[in-house]
Structure formats: C-alpha cells, structure tokens
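All ligand and atom numbering here is 1-based and tracks the order in the structure.
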Amino acid sequence: MSTTRKHTALPKAQILIEALPWLVKHNGKTVVIKFGGNAMIDEDLKAAFAQDVVFLHHAGLKPVVVHGGGPQISAALDRHGIVSEFKAGLRVTTEDAMDVVRMVLAGQVQRELVGLLNQHGPLAVGLTGEDAHTITATKHTPEIDGERVDIGRVGEITDIDTGAIEALLADSRIPVVSSIARSQDDGHVYNVNADTAAAALAAALGAETLMVLTDVEGLYEDWPNSDEVISRLTASQLEKLLPELSSGMVPKMEGCLHAVRNGVTTARVIDGRVQHSILLEIFTDEGIGTMVVPDGAEGEQS
Ligand SMILES: Nc1ncnc2c1ncn2[C@@H]1O[C@H](COP(=O)(O)OP(=O)(O)O)[C@@H](O)[C@H]1O
Ligand SMILES: CC(=O)N[C@@H](CCC(=O)OP(=O)(O)O)C(=O)O
C-alpha cells in the first residue's frame, strides 16, 4: 500500500475499531425505534434513517421500527374537510377520521418506510397492531380537569402479542409497525399514539433500547424558555418532571418511563433532524439526546 493510501485508509480503520465495544455490547439485542411524523418530512433524512436501521440490522442488532405520522394524518384530514383537534395531546378521532388515520398510517407512511428499507435488500415487513393481535386496546377516555373526556376511537393498550414480530426477527426481517390497535370491545380498530405504542412494544419484547426520534434535540429542561437539554435522568427523576411537561413530549416521556420501569435498559429521545443520529447514539460515546435509565443505573455506561 502506498504511503498516501495508508494515510487515508488508517483513520477509517480507526473509526471502525472504535465501534467494536459497542458492537459487542449490542450484539443480538432488540432496539425499538420510533420514527416521528415531524422527523419524517425531509426526504434525505428519511433515506439516512433507512440506512441507519439497515446498518443496525447488519451489525447484529434486531431493530423494530414503530412509526407515527401526525402531520401526514392532519394533512389528509384537511383534504377530507375534517378539522384536526387534540385533547390531552391525543387526536380526537371520529369514525370518519379513523378511516383516514388507518389509510395514512398503514397505506402511506408505513409503505414508504418499508420501500426505503427494502432498497437495501428483502428486509422490511410492514404490519399494524391489528395483525396477529400485536396490539389490543380498549377505549381511552383521558381525564381532563378532573373529568373523563370522550375523544372517539383512541385506544388505551391492554395487551401486546409479540409473536408476529418475534417470528419476523427470527427470520432476519425488520418489522415496521403502524400504531393502530385491534379493539378488545368490538370488531373495529383504535388510533394509538405512536410513542405509546413503541414503548409498550419495547417493554413486551424485552428490548435493550427504546429510541424515540423527534424534531427537537431531546428533553429541554425549561421548554420553551431555554434549549438546555437534559442529557441523562433516572426513572424517578423523570416521574417528578412529568406533570410539568406539555404537548408532544408527554406521550414520549411517559413512554420512556413505562419502558425503563418494565425491563428496557435505556430509553432515549434523540434529534431525528440530525442525519445518522441513530448510529451516533448506538455506536459512539457522544450520545446526542436525552437518556432515561432505571433507578439504580445512574452511574452505569449505556
Ligand atoms: N420539555 C420539552 N422539551 C422538548 N420539546 C418539548 C418539550 N415540551 C414540549 N415539547 C414539544 O414537543 C414536540 C415534540 O413532540 P411531537 O410534535 O409530538 O413530535 P413527533 O412528531 O416527533 O412525535 C417538540 O417539537 C416541542 O414543540
Ligand atoms: C391518538 C393519536 O394522537 N394518534 C396519533 C397517531 C400518529 C402519531 O402518533 O404520530 P406522531 O408520532 O408523528 O405524532 C395521531 O393521530 O396523530
């Protein structure tokens, strides 16, 4: 090898070898990645997301993708002349709106992600929570100002059946799950927040990591007054913060808490606007978002 070639090749080898401890640590582990509607708007970011997920797969991890699509659903409802309304951070979902939610999540957003992943090989298989009883829910009536409020066909998860996802993982596939649940009450379906669905799946699968991609750097300590990101906190510290959180951060952080309280080693909220943020988070020291760990794991490296 010429001296010049050695000089350009060695730094690359250095970068690869730095990933070795992380490759060993995460080998064979399940990682549930939630891809949010807001992080999903840019075409280059979507392509980089697909590359990262396929990279994890080939690096020996077992990625499971759970996707949202809030902005895409709102745009489609708008085209159908249906006004979007949110209560307690959840979409008020009439029967007509539910048809649109299902069409957009399962027929549009999920298909697009599956297509992007499958540009790298026969890997991704799409399903919704309806398939093989993956996610079952009952009607959710959130409490707002002390009263239970009817927000239509929004589901509260009652049961997860991991069979279909585990079979796909065993077959070296990448499951891509839309956050729609089968109903425990009737023959219909429910709309479930995608952060909540991802957290429930991570816990039920015994995942090592829940990774929630969004359109901010992580959990801001004093949002919207400052952009100081909390880099690491324990379940108990997060529990204390929950009542102060607002809008989209509520289901995300409730999901992270649920995950780490139910066996998931780390739950992370990371900036989906940064290309290859998943790789930075999994294979380097430079964690870029907010990491939630179980109580008692304060000092451990994750
Ligand atoms: N403490 C906080 N830290 C960061 N973002 C916050 C906080 N509280 C509320 N937010 C809002 O939550 C949004 C992320 O949630 P959401 O819009 O539902 O994202 P996604 O589509 O990725 O699920 C942020 O863009 C921000 O406006
Ligand atoms: C009940 C409820 O609010 N469901 C969400 C499901 C999609 C979602 O969660 O998408 P993001 O992750 O992009 O926000 C909705 O209808 O918008």
Side-chain angles (χ1 to χ4, degrees), residues 33-42 45-46 49 65-78 82-94 96-106 108-110 113 128-129 135 137 139-142 149-157 177-181 189-201 211-231 233 238 241-256 268-274 277 289-290 292:
I33 304 166
K34 190 280 178 149
F35 198 33
N38 280 312
M40 231 184 247
I41 284 168
D42 182 283
L45 284 176
K46 273 190 283 196
F49 169 82
V65 176
V66 179
H67 70 86
Q72 294 83 347
I73 295 169
S74 296
L77 286 173
D78 208 31
I82 303 174
V83 178
S84 289
E85 190 192 353
F86 287 83
K87 287 188 181 168
L90 301 167
R91 187 184 304 278
V92 177
T93 311
T94 60
D96 285 349
M98 187 66 234
D99 288 342
V100 177
V101 169
R102 195 189 203 188
M103 200 164 62
V104 172
L105 291 182
Q108 185 187 319
V109 180
Q110 183 212 87
L113 287 177
T128 86
I135 308 176
K139 187 176 169 72
H140 179 48
T141 49
V149 180
D150 186 349
I151 54 169
R153 291 214 68 91
V154 173
E156 180 175 334
I157 298 174
V177 187
S178 310
S179 59
I180 300 164
V189 293
Y190 282 118
N191 182 9
V192 176
N193 175 278
D195 299 315
T196 313
L201 281 172
M211 198 175 287
V212 181
L213 270 72
T214 186
D215 63 346
V216 282
E217 285 169 68
L219 178 64
Y220 293 137
E221 196 159 349
D222 182 23
W223 187 84
N225 305 316
S226 124
D227 59 3
E228 191 72 32
V229 176
I230 303 177
S231 57
L233 74 172
L238 173 57
L241 272 183
L242 275 184
E244 290 163 35
L245 299 182
S246 59
S247 62
M249 264 306 136
V250 176
K252 273 180 227 318
M253 298 321 299
E254 281 179 352
C256 289
R268 302 153 188 244
V269 175
I270 63 168
D271 196 341
R273 300 166 306 175
V274 176
S277 50
T290 297
V292 185

Checklist entry - Within the side chain of Arg153, is there an N or O that forms a donor-acceptor pair under 3.5 Å with the backbone of Val189? => result yes
Item to check | Region of Thr214 that comes within reach of ligand 1 [heavy atoms, distance under 4.0 Å] | outcome: both
Item to check | Met40 near ligand 1 by a heavy-atom separation under 4.0 Å | outcome: no
Next on the checklist: Quick test: of every protein heavy atom, which one is nearest to atom 12 (O) of ligand 2, and how far off is it to 0.1 Å?
Outcome noted: Lys34 NZ, 2.5 Å
Next on the checklist: Return the closest protein heavy atom for atom 9 (O) of ligand 2 as residue, atom name and distance.
Outcome noted: Ala194 N, 3.0 Å
Checklist outcome for this item: heavy-atom search around atom 3 (N) of ligand 1 in the protein gives Tyr220 N, 2.9 Å
Next on the checklist: Could you identify the single nearest non-hydrogen protein atom to atom 15 (O) of ligand 1 and state the distance to 0.1 Å?
Outcome noted: Gly248 CA, 3.3 Å
Item to check | Backbone or side-chain N or O of Leu90 under 3.5 Å from ligand 2 N or O | outcome: no
Next on the checklist: I'd like to check Val292 versus Leu219 (side-chain heavy atoms, cut-off strictly below 4.5 Å). Are they in contact?
Outcome noted: no
Next on the checklist: I'd like to know if the side chain of Lys34 and the backbone of His67 have a donor-acceptor N/O pair within less than 3.5 Å.
Outcome noted: no
Checklist entry - Heavy atoms only: which of Asn191, Val154, Asp215 is nearest to atom 4 (N) of ligand 2? => result Asn191
Next on the checklist: Quick check on contacts: which atoms of ligand 1 are under 4.0 angstrom from a heavy atom of Val216?
Outcome noted: 4 (C), 5 (N), 24 (C), 25 (O)
Checklist outcome for this item: the protein heavy atom lying closest to atom 8 (N) of ligand 1 turns out to be Trp223 CE3, 3.2 Å
Item to check | Heavy-atom nearest neighbour of atom 23 (O) of ligand 1 within options Glu217, Glu228, Met249, Lys252 | outcome: Lys252
Next on the checklist: Could you tell me, atom by atom, which parts of ligand 1 come under 4.0 Å of a heavy atom of Asp215?
Outcome noted: 14 (C), 24 (C), 25 (O)
Item to check | Protein contact of atom 13 (O) of ligand 2 - nearest heavy atom, named by residue and atom, plus distance | outcome: Gly37 N, 2.7 Å
Checklist entry - If you measure from atom 9 (C) of ligand 1 to every heavy atom of Ser246, Gly70, Pro71, Ala198, which option wins on shortest distance? => result Ser246
Item to check | atom 15 (C) of ligand 2 - nearest protein heavy atom and its distance | outcome: Arg91 NE, 3.3 Å
Checklist entry - With backbone taken as N, CA, C and O and side chain as the heavy atoms from C-beta onward, which portion of Asp195 lies under 4.0 Å from ligand 2: side chain, backbone, both, or neither? => result neither
Next on the checklist: Checking a contact table here: which protein heavy atom is nearest atom 21 (O) of ligand 1, and how many Å away?
Outcome noted: Asn38 ND2, 3.0 Å
Next on the checklist: When you measure from the heavy atoms of Gly218 to every atom of ligand 1, does any distance fall below 4.0 Å?
Outcome noted: yes
